[in-house]
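Letters A, B, ... are given to chains in the order of the sequence lines, protein chains preceding strands, and every chain is numbered from 1. Bear in mind the structure is a predicted one, so any value in this text is a computation, not a measurement.
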Amino acid sequence: MKLTINGEKLEATEGQTILEVAQENGIDIPNLCYSPELKPEGACRMCVVDIEGVADPVTACTTEVSAGMVVETETPSLKKMRKVLVELMLANHDVECLTCDKAGDCKLQDYAYRYSVKKVRFEGEKTEFKGIKDDNPFFIRDNRKCILCYKCVNLCKQVQGEASINLENRGFDTRVTTAFDLPLEEINCQFCGLCVNECPTGALMEKSALRKARNWELKKGSTICPYCGVGCELELNIDENDQIVKVTTNSDNVNRGQTCVKGKFGLDFVNSEERLTKPLIKEEGRFREASWEEALDKVADNFGRIRDEFGGDATAALSSAKCTNEENYLMQKFMRAVMGTNSVDHCARL
Amino acid sequence: MRSVAELDNLQKEVQSKLEKQAEQAQLIIGMGTCGISAGAKDILTALETELEERELEVIVKKTGCIGLCEKEPLVDVKLPGETRVTYGNLSVEDARRLISEHLENGNIVRDLVVAKMEE
Amino acid sequence: MATNEENIPSYQDLDFYKSQRRLALANCGFIDPESIEDYIASDGYQALSKVLTEMKPQEVIDEVKESGLRGRGGGGFPTGMKWQFAYDASGDKKYIICNADEGDPGAFMDRGLLEGDPHSILEGMIIGGYAIGADEGYIYIRAEYPLAIKRLEKAITAAEEKGLLGEDIFGSGFNFKLQIKAGAGAFVCGEETGLMASIEGERGMPTPRPPFPANKGLWDKPSNINNVETFANIPIIIREGAASFKELGTEDSSGTKVFALTGMIENTGLAEVEMGTTMREIIFGIGGGIQDDKEFKAVQIGGPSGGCLPDEKLDLPIDYDSLIEAGAMMGSGGLVVMDENSCMVDVARFFLNFVQSESCGKCTPCREGTRRMLEILNRITQGEGEEEDLELLRTLAESVKKLSLCGLGKTAPNPVLSTLRYFEDEYEAHIKNDECPGGVCQNLLPGYIIDYEKCIGCTYCIDACPIDVVDGRLEEIHEINEEDCNACGACEPECPVDAIIQKNYIEHFPQYRHLLEEDEEEVEA
């Protein structure tokens with residue numbers, strides 16, 4: 001079907017929302033609670049748009065397109081209303097952008113800039129919280145910066161299926177918390193970190209990144225998670241000393257923004273000083289450093305000796321999920337063709 | 001309920017039962033939340049004790065709110081063949097008077113009356 | 001036995017009943033609500049028998065459509081059309097739900113109906129279930145109505161025993177069962193999507209519409225929700241016919257409406273009138289006017305979602321559309337009447353305080369915006385309002401109204417907008433002159449002073465003052481520290497010689513002139 005957004009004639013399919021069609025066509029409608037992985041929540045109200053013939057603005061994330069629809073996304077009145085929304089969020093927000101580690105990667109900050117919120121007109125009481133929650137090794141929870149978009153709650157429930165966190169209290173006193181306010185380590189949280197990835201503000205932040213670098217100083221590098229055979233795509237955030245500060249993911253990759261705790265929070269070994277960078281050979285009960293050439297020769301010699309002396313079936317190989325498919329293929333090929341055995345296995349089979 | 005006839009029969013049966021009841025004196029007391037919060041429960045107890053003590057055969061009927069919340073607790077007295085009379089803003093003492101004056105002697109208690117209900 | 005009946009008014013003579021038209025309330029106060037037989041004796045379940053044995057579902061819907069019945073819970077959506085949507089929705093399982101989560105301050109129409117005539121609601125629901133194709137119904141009722149719940153439970157059990165609920169009702173092959181769900185007291189659960197979430201055991205938070213309940217409601221099945229009074233009207237429409245129902249009321253709002261009269265009115269209670277009756281008739285006729293012969297100031301109609309209307313709107317015929325035009329809404333039918341001693345800013349503050357604490361917290365404008373509006377109103381009523389505050393209040397009110405997710409938020413600013421529209425002068429008096437015209441806002445009341453010519457130094461006022469701002473010793477002239485006095489008035493009645501006067505009286509009475517002059521001298525000095 002055809003519809004018009006901001007004067008542009010666009011093509012859409014039935015069942016798509018206005019927001020989805022706009023995003024497909026590079027039209028940026030502000031949003032805070034939207035995620036392609038979630039049922040539309042319609043909570044933040046930032047994505048309001050005007051539809052010709054409809055009196056009040058509607059949210060683009062919840063409204064399905066219809067043929068011939070004429071949509072405007074940035075009229076003066078919409079801008080004014082979004083400005084009020086940003087002001088309302090900022091009025092109940094710990095505004096410390098100067099030192100906030102989220103600065104530069106914060107949607108609330110971006111929208112404040114976009115709608116030129118210089119001064120909040122509605123200053124008043126803020127919801128009271130007892131400081132920052134630091135109850136696990138991986139991330140902090142700072143409710144003073146939470147704008148209650150509910151993405152974390154919904155992702156945990158709808159995507160991860162854990163529902164570790166939910167809402168407490170009502171109205172102005174609403175906050176995200178665990179059952180009985182228990183520490184995350186004492187409940188069913190898997191520390192997948194999906195909530196941290198998707199938080200639009202600085203309410204959920206990786207501990208590893210705190211006070212390390214401004215977001216715009218970080219280099220981003222895409223890689224595959226080395227842990228298991230699923231092969232999640234990760235985005236490494238690297239500082240000027242080539243240290244991995246945090247690991248993020250994008251929702252448009254193969255793992256749709258999801259990882260497990262190891263991919264999200266377990267890559268600190270990469271920069272570990274204890275990490276082996278040279279092969280070691282054990283002689284008389286002690287390891288000594290060796291060159292790659294010497295080490296590989298030693299392995300080849302011994303493999304050959306065992307095969308010749310006891311036959312190929314005296315050997316077996318177990319390869320790692322950390323290897324690529326190609327590496328695993330080569331491993332079994334080597335065992336069958338060179339060693340002469342079918343005894344191959346892989347840790348992901350378990 | 002398996003048929004319309006069954007309902008109609010039941011209705012007729014109940015209606016004639018109610019008509020029979022009308023041959024007896026009735027006390028009707030408003031027992032909605034408004035009535036109860038104004039003291040209808042105490043009044044009901046008082047009426048029942050009073051009736052027992054005087055050995056009177058009277059039907060005590062409970063109803064919901066008739067709308068006049070302002071005048072709760074409300075008690076209606078209906079004597080056979082006569083108009084139903086509503087009394088309001090009653091105290092327990094007032095309720096006893098309804099029995100001694102109106103129910104037993106047929107005199108409307110003028111200072112407590114709200115209205116009479118004509119068919 | 002001769003009774004002395006003469007000179008006793010009959011019900012028809014009472015102002016309260018004279019212009020009422022009791023349709024939905026017809027049985028209330030007449031039948032025993034705990035007796036199904038009483039209900040059956042007054043034609044109860046006749047409509048159901050007619051529907052199940054003589055009518056097709058579509059015919060039932062057409063009858064309701066023709067009657068012009070509109071939702072009695074607030075929005076006023078045509079009931080027949082709502083049923084049609086649920087009927088047309090595809091699905092083998094459908095639900096019909098009764099919204100008995102009556103939460104507006106000052107509203108008790110549904111309670112009256114549920115406690116006085118529960119079977120009429122059951123009958124309406126079973127008919128509705130048959131019409132849309134639902135075999136299961138829920139009554140969502142607030143737990144604060146224990147008596148209503150008890151009577152509904154009794155009614156359901158009795159109807160089950162008589163085979164009016166259950167399987168093969170009237171031998172028609174139609175099955176229907178009903179259950180009660182007691183709400184935990186959140187106002188927002190009266191919003192239909194929030195209500196369904198609550199039945200499902202979720203946190204009572206509204207969800208965006210569409211999808212509408214008619215297509216995807218309770219447990220994602222097509223569902224239809226109506227209010228208590230709406231269901232109570234259904235058996236009447238079926239029994240008496242759509243045409244006779246349509247004759248009542250106005251062109252676009254047919255039938256009658258039950259109102260709960262409260263506030264500073266002579267006759268509080270439940271009144272049912274034809275649509276199109278004027279507010280004046282309800283307040284001054286049925287309601288008997290204002291208590292203590294005071295002046296009428298405003299009537300709040302429609303609960304927190306409604307608005308305050310002034311005396312110039314008293315001749316407005318009440319129907320759904322005229323009320324919206326006037327800045328209020330029918331709501332469920334609560335009428336709170338206010339007299340000259342009410343402060344309209346304080347009234348707006350009261351209702352806003354209610355909605356902001358009942359906001360579920362889901363969407364930004366309602367959660368944050370209503371709190372900021374309340375803060376501004378608090379400032380104004382405490383005498384700390386600035387002139388810009390009115391502009392801010394309007395900006396916030398418009399944003400909350402336009403941007404909120406559900407009906408609660410969309411209508412939350414109405415008490416503010418309507419008082420700003422009709423009583424802006426009161427807001428200005430608070431802000432510009434530090435005055436509360438209604439004499440309600442404590443911080444703006446003029447304090448008290450002691451007439452030194454009369455004071456005998458008895459110390460009674462010193463003892464009475466709760467905040468210790470009266471200075472003086474026994475047999476010496478006392479003095480009130482004017483700056484700290486909060487005008488509570490506790491000292492005034494204690495003075496045996498009437499020496500304590502509210503400051504604003506001084507200039508109006510010659511006998512206090514000496515106090516005035518002293519005041520001025522002080523200023524000059």
Salt-bridge contact C:Glu202-A:Lys157 (side-chain N to carboxylate O under 4.0 Å):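 Yes, this pair counts.
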Whether C:Lys362 and A:Glu41 form a salt bridge (side-chain N of Lys/Arg under 4.0 Å from carboxylate O of Asp/Glu) is what I want to check.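 Salt bridge between A:Glu41 and C:Lys362, a charged N being under 4.0 Å from a carboxylate O: yes.
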Between [X] and chain C, with a heavy-atom cut-off of 4.5 Å, which part of the residue counts as in contact: side chain, backbone, both or neither?
X	answer
A:Ala55	neither
A:Tyr150	side chain
A:Leu167	both
A:Asn92	both

N/O donor-acceptor pair under 3.5 Å between [X] side chain and [Y] backbone:
X	Y	result
C:Glu375	A:Glu125	yes
C:Thr364	A:Cys44	yes
A:Arg45	C:Leu403	yes

Can you sort out the partners of A:Ala179 under side-chain contact (heavy atoms from CB on, under 4.5 Å), two or more places apart, ordered by chain and number?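 Testing A:Ala179 for side-chain contact (heavy atoms from CB on, under 4.5 Å), a comparison that skips the adjacent residues, returns none.
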Answer whether the closest heavy-atom distance between the side chains of C:Arg372 and A:Phe172 falls below 4.5 Å.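 They are in side-chain contact.
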Evaluate the side-chain proximity of C:Glu358 to A:Arg170: yes if any heavy-atom separation is below 4.5 Å, no if none is.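 The answer is yes; the side chains approach within 4.5 Å.
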